[in-house]
Amino acid sequence: MEIPPTHYPATRAMKAVEHYINYHYGSPNKIFTLHGVKKATLEDIPGVGHKYILQCSMKDMVNEKDVGVCNAEILFHQDQKTAPKVECRFNMDQITNSQAADNEFFTRISNLPEPLTAEYIPDSHGHIAPGMEQIRYLGYLAACYIMWQNSTEGTLYNLAQIRSVQQVVTSADFLEFDYTVLLHDFVSQEIIPWQMQVLWNPKEGIKVERNARKPKSCGHY
């Protein structure tokens with residue numbers, strides 16, 4: 001059945017699809033946003049869950065470029081321990097080629113004299129230190145994996161802040177980072193600390209090797 005495209009169920013489903021797209025197609029120089037749900041359909045699959053079929057607009061936020069229409073299906077399982085299943089279609093020809101910028105970022109971080117460390121991105125005033133924007137975007141892509149995997153019909157996740165990031169020097173093939181991020185669920189208003197071990201290179205993209213939800217009492221948030 002069709003549902004109002006501006007109502008919470010459709011916008012929450014759209015946000016989970018956005019997380020999926022960023023984890024699979026984004027880069028430190030290419031972040032996607034979905035907005036303006038044009039059409040939404042809800043299908044109840046007995047014994048399985050709810051499937052949302054969405055049509056919405058898609059934009060590359062970093063390069064300020066409209067990608068066009070994204071058609072997506074997302075299945076929220078009755079077993080909420082299972083990540084939503086997402087299928088999406090959009091015009092790949094409209095996506096900015098970020099290969100050169102990604103290579104430049106990889107080379108710059110690989111050649112730092114000391115491993116990168118940073119805290120509070122952005123800080124309490126919304127400020128991001130020079131040179132940290134791509135580190136922030138990389139952390140966001142990794143957080144998108146966590147948010148997609150943990151999304152349900154009753155959540156609406158976003159990345160509130162990168163609490164800390166530390167580069168781990170292990171291999172010339174990948175950049176490796178240890179991130180602690182704060183996730184915000186707009187529905188419950190809960191702030192959730194999460195730790196992620198992240199690998200990335202321009203050719204193979206991002207991979208969250210390990211992740212763990214942290215106790216809220218660990219450190220000051």
Point to revise | Plane angle bin for Tyr179 and Phe177 - parallel if under 30°, tilted between 30 and 60°, otherwise perpendicular | key: tilted

Practice item. Quick one: sort the Phe106 and Trp200 rings into parallel, tilted or perpendicular, breaks at 30° and 60°. Key: tilted

Check your understanding: Which heavy-atom pair separates Gln99 from Pro202 by the least distance, and what is that distance?
Key -> NE2-CB, 3.7 Å

**Study point:** NZ/NE/NH1/NH2 to OD/OE distance under 4.0 Å, Glu190 and Arg213
**Key:** yes

Exercise for review: Check for a donor-acceptor pair, side chain of Gln55 on one end and backbone N or O of Asn71 on the other, with a separation under 3.5 Å.
Suggested key: no

Check your understanding: Hey, are the side chains of Leu159 and Val181 touching, using non-hydrogen atoms and a 4.5 Å cut-off?
Key -> yes

Exercise for review: Consider only side-chain heavy atoms of I, L, V, M, F, W and Y, link residues closer than 4.5 Å, and tell whether Phe174 and Val168 are in one cluster.
Suggested key: no

Review point. Is the count of non-hydrogen atoms from other residues, nucleotides or ligands lying under 6.0 Å from Gln94 atom CD greater than 12?
Key: yes

Review point. Would a hydrophobic clustering, with Ile, Leu, Val, Met, Phe, Trp and Tyr connected at side-chain separations under 4.5 Å, put Val86 with Leu156?
Key: no

Exercise for review: Report the distance from atom CD1 of Ile74 to atom CG of Leu54, rounding to the nearest 0.5 Å.
Suggested key: 7.5 Å

Practice item. Quick one: closest heavy-atom pair of Val169 and Pro115, and the distance? Key: CG2-CG, 3.8 Å

Check your understanding: Can you check whether His184 reaches Tyr157 side chain to side chain, under 4.5 Å on heavy atoms?
Key -> no

Exercise for review: Assess whether side chain to side chain donor-acceptor pair (under 3.5 Å) is satisfied between Ser27 and Asp102, documenting all intermediate values.
Suggested key: CA-CA 7 Å; Ser27 89; Asp102 290 342; 3.0 Å; yes

Practice item. Any chance you could lay out the side-chain contact (heavy atoms from CB on, under 4.5 Å) test for Thr11 and Thr6, step after step, and finish with the verdict? Key: CA-CA 7 Å; Thr11 55; Thr6 57; 5.7 Å; no

Review point. Are the side chain of Glu64 and the backbone N or O of Met61 linked by a donor-acceptor pair below 3.5 Å?
Key: no

Exercise for review: Measure from the side-chain N and O atoms of Asn63 to the backbone N and O of Lys65, and report whether any donor-acceptor pair falls under 3.5 Å.
Suggested key: no

Practice item. Would you indicate whether the side-chain heavy atoms of Asn29 and Tyr137 approach each other to under 4.5 Å? Key: no

Review point. So, do Tyr25 and Phe90 have ring centers that fall under 6.0 Å from each other?
Key: yes

Practice item. Take Met132 and Ile135, measure what side-chain contact (heavy atoms from CB on, under 4.5 Å) needs, and give me the verdict at the end. Key: CA-CA 5 Å; Met132 288 292 108; Ile135 295 296; 4.2 Å; yes

Review point. Same cluster or not: are Leu175 and Leu199 linked, directly or through other Ile, Leu, Val, Met, Phe, Trp or Tyr residues, by side-chain heavy atoms under 4.5 angstrom apart?
Key: no

Point to revise | Test item: Asn22 side-chain N/O and Leu141 main-chain N/O as donor-acceptor pair under 3.5 Å | key: no

Review point. Would you say Asp123's side chain and His127's backbone share a donor-acceptor pair under 3.5 angstrom?
Key: yes

Check your understanding: Looking at Glu153 and Arg12, does any basic side-chain N land under 4.0 Å from a carboxylate oxygen?
Key -> no

Review point. Rounded to the nearest 0.5 Å, how far does CG of Asp60 lie from CD1 of Ile31?
Key: 8.5 Å

Review point. Atom CD1 of Ile191 and atom CG of Leu182: how far apart are they, to the nearest 0.5 Å?
Key: 6.5 Å

Check your understanding: When hydrophobic residues are tied together by side-chain contacts of less than 4.5 Å, even through go-betweens, does Tyr140 share a cluster with Met58?
Key -> yes

Practice item. List the atom of Pro122, the atom of Gln161, and the distance in Å for their closest heavy-atom pair. Key: O-NE2, 2.7 Å

Review point. Looking at side-chain heavy atoms only, is the closest gap between Phe76 and Tyr52 below 4.5 Å?
Key: yes

Exercise for review: For Gln80, look at atom CD and say whether over 12 heavy atoms of other residues, nucleotides or ligands are found less than 6.0 Å away.
Suggested key: no

Check your understanding: With a 4.5 Å heavy-atom cut-off, do Ile206 and Val198 have their side chains touching?
Key -> yes

**Study point:** Polar side-chain atom of His50 near backbone of Gln78 as donor-acceptor pair, under 3.5 Å
**Key:** no

Check your understanding: Nearest heavy-atom pair of Phe32 and Lys30: which atoms, and what distance?
Key -> CZ-CG, 3.7 Å

Exercise for review: Spell out, yes or no, whether Ile128 and Ile162 are grouped together once hydrophobic residues are joined by side-chain heavy atoms under 4.5 Å, including indirect joins.
Suggested key: yes

Practice item. Determine whether the aromatic ring centres of Tyr145 and Trp194 lie less than 6.0 Å apart. Key: no

Point to revise | Heavy-atom closest contact (Pro28 atom, Leu138 atom, distance) | key: CG-CD1, 4.0 Å

**Study point:** Interatomic spacing from CD in Glu73 to OG1 in Thr41 - rounded to 0.5 Å
**Key:** 9.5 Å

Review point. Quick one: are Lys39 and Glu2 in side-chain contact, heavy atoms under 4.5 Å?
Key: yes

Exercise for review: List the steps, then state whether side-chain contact (heavy atoms from CB on, under 4.5 Å) holds for Cys70 with Leu34.
Suggested key: CA-CA 8 Å; Cys70 174; Leu34 299 181; 4.1 Å; yes

Practice item. Mind telling me whether Tyr20 and Trp148 have parallel, tilted or perpendicular rings, with 30° and 60° as the class edges? Key: perpendicular

**Study point:** Reference residue Asp178; test side chain to side chain donor-acceptor pair (under 3.5 Å); the match among Gln197, Gln166, Gln195
**Key:** Gln195

Check your understanding: Below 4.5 Å, heavy atoms only, C-beta onward: do Leu183 and Met147 meet side chain to side chain?
Key -> yes

Check your understanding: What's the shortest heavy-atom distance between Val208 and Asn211, and which atoms?
Key -> CG1-CB, 4.0 Å

Exercise for review: Mind checking the CD1-CD1 spacing from Ile146 to Ile192? Nearest 0.5 Å is all I need.
Suggested key: 11.0 Å

Exercise for review: Would you give the length of the straight line joining atom OG of Ser151 to atom NE2 of His19, rounded to the nearest 0.5 angstrom?
Suggested key: 5.0 Å

Check your understanding: Taking atom CD of Glu114 as the centre, does the number of heavy atoms from other residues, nucleotides or ligands within less than 6.0 Å exceed 12?
Key -> no

Practice item. Could you tell me whether the side chain of Gln167 reaches within less than 4.5 Å of the side chain of Leu112, counting heavy atoms only? Key: yes

Exercise for review: Examine distances only and state if a side-chain atom of Thr107 and a backbone atom of Asn103 form a donor-acceptor pair shorter than 3.5 Å.
Suggested key: yes

Exercise for review: Taking atom types as modelled, find out whether Glu119 and Ser164 have a side-chain donor-acceptor pair closer than 3.5 angstrom.
Suggested key: no

Practice item. Determine, step by step, whether Glu176 and Glu209 satisfy the side-chain contact (heavy atoms from CB on, under 4.5 Å) criterion, reporting the C-alpha distance in whole Å, the side-chain angles of both residues, the deciding distance to 0.1 Å, and the verdict. Key: CA-CA 10 Å; Glu176 182 174 344; Glu209 279 282 277; over 6 Å; no

Practice item. Please check if the side chain of Asp66 supplies one atom and the backbone of Gly68 the other of a donor-acceptor pair under 3.5 Å. Key: no

